[in-house]
Amino acid sequence: MRKEVVVVAAVSTAATIAAVAALVRQRRRRKEQRWKQTQTILRKFARECATPVPRLWQVANALVSEMQASLASNETTTDLNMLLSYLASLPNGEEKGLYYGINLRATDFLILCARLGGKNEPISDLHREEISIPSDVMCGTSQELFDYIAGEFAKFVNAHPDNGNDTSAKEKKLGYTWSHSVDQVTTLSPSAIKWKNFAANDTVKFYNRDCVAAVTLGTGTNAAYVESSQAVPKWQGPSPKSGEIVISTEWGNFSSSSFPVTEFDASLDAESLNPGSMIFEKLVSGMYLGEIVRRVLLRMAKEADLFGDTVPPKLMMPYLLRPPDMATMHQDTSEDHELVREKLEEVFGITDSTPKAREAVVEVCDIVTERAARLAAAGIVGIIKKLGRIELKKSVVNVEGGLYEHYRIFRNYLHSSVWEMLGNELSDNVIVEPSHGGSGAGALFLAASQTQNPES
């Protein structure tokens with residue numbers, strides 16, 4: 001009897017071990033299948049986002065065609081508005097004195113001042129403040145908005161008085177620019193913007209005769225460039241004596257059949273406040289990059305259990321992933337991507353991500369970022385081609401905006417893509433470099449040019 005009991009116990013133990021082993025194999029197979037499905041989604045997404053050089057040239061050429069069509073007529077025949085500026089003169093590098101600039105943006109405005117020293121002299125006494133617009137002002141009248149800006153500007157002037165040779169001057173020379181049309185600004189919902197306040201005295205030169213374009217790559221995107229007035233048939237009125245016109249391309253609304261649009265982009269566009277519009281901006285700007293990444297990760301979580309058996313609730317919430325968090329994850333070189341783990345927990349409440357899952361997150365960020373940067377590069381090359389400067393002249397393009405300034409991998413992809421498109425022989429003709437002060441600096445320089453060179 002005892003022998004039979006021992007035999008039965010041994011059989012039961014063996015059966016348990018076999019069952020456990022089978023369960024382990026089943027779980028391993030399931031994990032392998034999940035990872036295989038994750039890789040399938042990833043590879044398909046990468047293929048659809050691919051931007052080989054021939055496609056980039058298709059985008060650049062399409063932009064050139066749209067620019068030419070928009071400049072030919074005031075009728076709305078293209079997606080590009082190509083807004084013309086009406087300026088008596090442009091900066092020539094000879095301007096001197098202390099000047100102020102204000103740039104009104106979507107939910108905040110930038111005030112800055114700087115002292116210009118004239119030809120071959122650096123900027124000095126540079127001060128900047130970025131001020132968020134309170135929600136009650138955003139929802140108020142235009143008079144209330146400009147009263148608020150005027151009040152903040154007065155505080156800024158008091159904090160940064162003119163201590164130069166022209167201290168007796170009572171008039172302050174101010175330039176004013178908008179990053180959006182006034183009606184767009186007053187209807188946008190307010191959002192929290194951190195206050196930034198810094199001052200710097202550096203050796204930045206404010207004039208470069210080879211600079212032909214300026215690009216914004218931040219929450220939104222746009223590009224402006226200097227065009228010959230003879231190349232603008234729709235220009236009305238006397239031609240500027242300089243013979244040049246500054247044009248805002250409004251390229252955020254640029255669209256082309258050559259764009260590498262995926263199902264994730266299509267769903268984002270369909271669910272946006274402006275479906276069918278601003279397609280280039282939705283592929284390139286910081287406002288949308290994190291959202292595209294989130295949508296891909298959500299697909300992986302639903303179909304491949306990327307973050308476990310249940311889908312993290314916060315992963316289903318739109319626009320939670322901001323560019324700074326995306327950049328932190330993308331640029332994480334720590335072992336097992338610990339920064340990715342921290343950001344996934346902070347942003348989406350994901351507490352049990354695996355090293356493989358974090359690796360997939362980094363790959364998705366890379367695909368989205370590379371596509372955005374390469375498309376932006378195609379736009380820059382398109383503008384230079386429109387000006388006919390690729391083969392004949394050196395051209396400098398200034399770029400500003402948090403996406404370019406603070407997202408190192410994005411910036412590197414953009415530069416390398418310009419080089420790829422132009423090749424060794426021509427790439428030295430186009431120089432892409434950071435702007436100093438952005439749109440606010442532009443307002444300041446224009447204030448200087450309009451007061452010192454009114455007849456140029």
Side-chain angles (χ1 to χ4, degrees), residues 60 63-74 78 80-97 99 101 103 116 118-120 123 173-179 204-216 222-251 254 379-400 429-433 435-456:
L63 179 63
V64 172
S65 298
E66 290 283 295
M67 293 171 69
Q68 291 171 335
S70 180
L71 293 178
S73 173
N74 284 315
T78 72
L80 295 180
N81 288 329
M82 299 288 283
L83 301 180
L84 310 182
S85 65
Y86 294 84
L87 301 170
S89 59
L90 295 176
N92 60 18
E94 300 287 345
E95 294 80 12
K96 294 182 180 181
Y99 298 92
N103 175 223
L116 308 183
K119 190 174 183 179
N120 298 324
I123 295 174
K173 299 165 185 177
L174 170 69
Y176 196 93
T177 58
W178 287 264
S179 289
V204 175
K205 300 296 188 290
F206 71 89
Y207 179 74
N208 187 337
R209 64 181 180 182
D210 295 320
C211 185
V212 296
V215 175
T216 295
N222 195 13
Y225 74 105
V226 181
E227 179 69 271
S228 167
S229 59
Q230 295 179 348
V232 188
K234 71 177 182 180
W235 173 267
Q236 297 178 352
S239 177
K241 291 186 178 181
S242 66
E244 296 178 325
I245 303 172
V246 176
I247 298 176
S248 174
T249 66
E250 304 297 303
W251 77 2
F254 171 47
I380 290 173
V381 172
I383 290 176
I384 303 302
K385 180 177 180 179
K386 166 65 179 67
L387 293 172
R389 297 177 63 100
I390 288 180
E391 298 181 357
L392 302 177
K393 299 179 180 179
K394 175 184 174 183
S395 300
V396 174
V397 178
N398 283 335
V399 184
E400 62 100 16
N429 289 356
V430 178
I431 299 173
V432 180
E433 62 182 22
S435 175
H436 303 286
S439 300
L444 182 151
F445 299 145
L446 289 176
S449 67
Q450 299 308 294
T451 55
Q452 293 199 8
N453 311 306
E455 300 300 329
S456 62

(Q) In the structure I gave you, are the side-chain heavy atoms of N398 and E433 within less than 4.5 Å of one another anywhere? (A) yes
Q | Close side-chain approach of I383 to M67, heavy-atom, < 4.5 Å | A | yes
Q) Within a strict 4.5 Å, meaning less than it, do heavy atoms of the L84 and K234 side chains meet? A) yes
(Q) Run the side chain to side chain contact (heavy atoms under 4.5 Å, CB included) test against S229 and tell me which residues pass, sequence neighbours left out. (A) S239, P240, I245
Q.
Just so I know, are the side chains of V399 and V432 near enough to count as touching, which here means a heavy-atom distance under 4.5 Å?
A. yes
Q) When rounded to the nearest 0.5 angstrom, what is the spacing between CE in M82 and CG in L71? A) 3.5 Å
Q) Mind checking whether E250 and N222 have side chains closer than 4.5 Å, heavy atoms only? A) yes
Q) Would you say S395's side chain and I384's backbone share a donor-acceptor pair under 3.5 angstrom? A) no
Q | Closest approach of P233 to A231 (non-hydrogen atoms, all atoms of both residues) | A | CD-O, 3.3 Å
Q: State, with a plain yes or no, whether a side-chain heavy atom of F254 is found less than 4.5 Å away from one of T249.
A: no
Q.
Show the nearest heavy-atom pair for residues K394 and D210, with the distance to one decimal.
A. CD-OD2, 3.8 Å
Q.
Tell me the closest heavy-atom pair linking Y225 and E227, and the distance in Å.
A. OH-OE2, 2.9 Å
(Q) Is any side-chain heavy atom of I390 closer than 4.5 Å to one of N429? (A) no
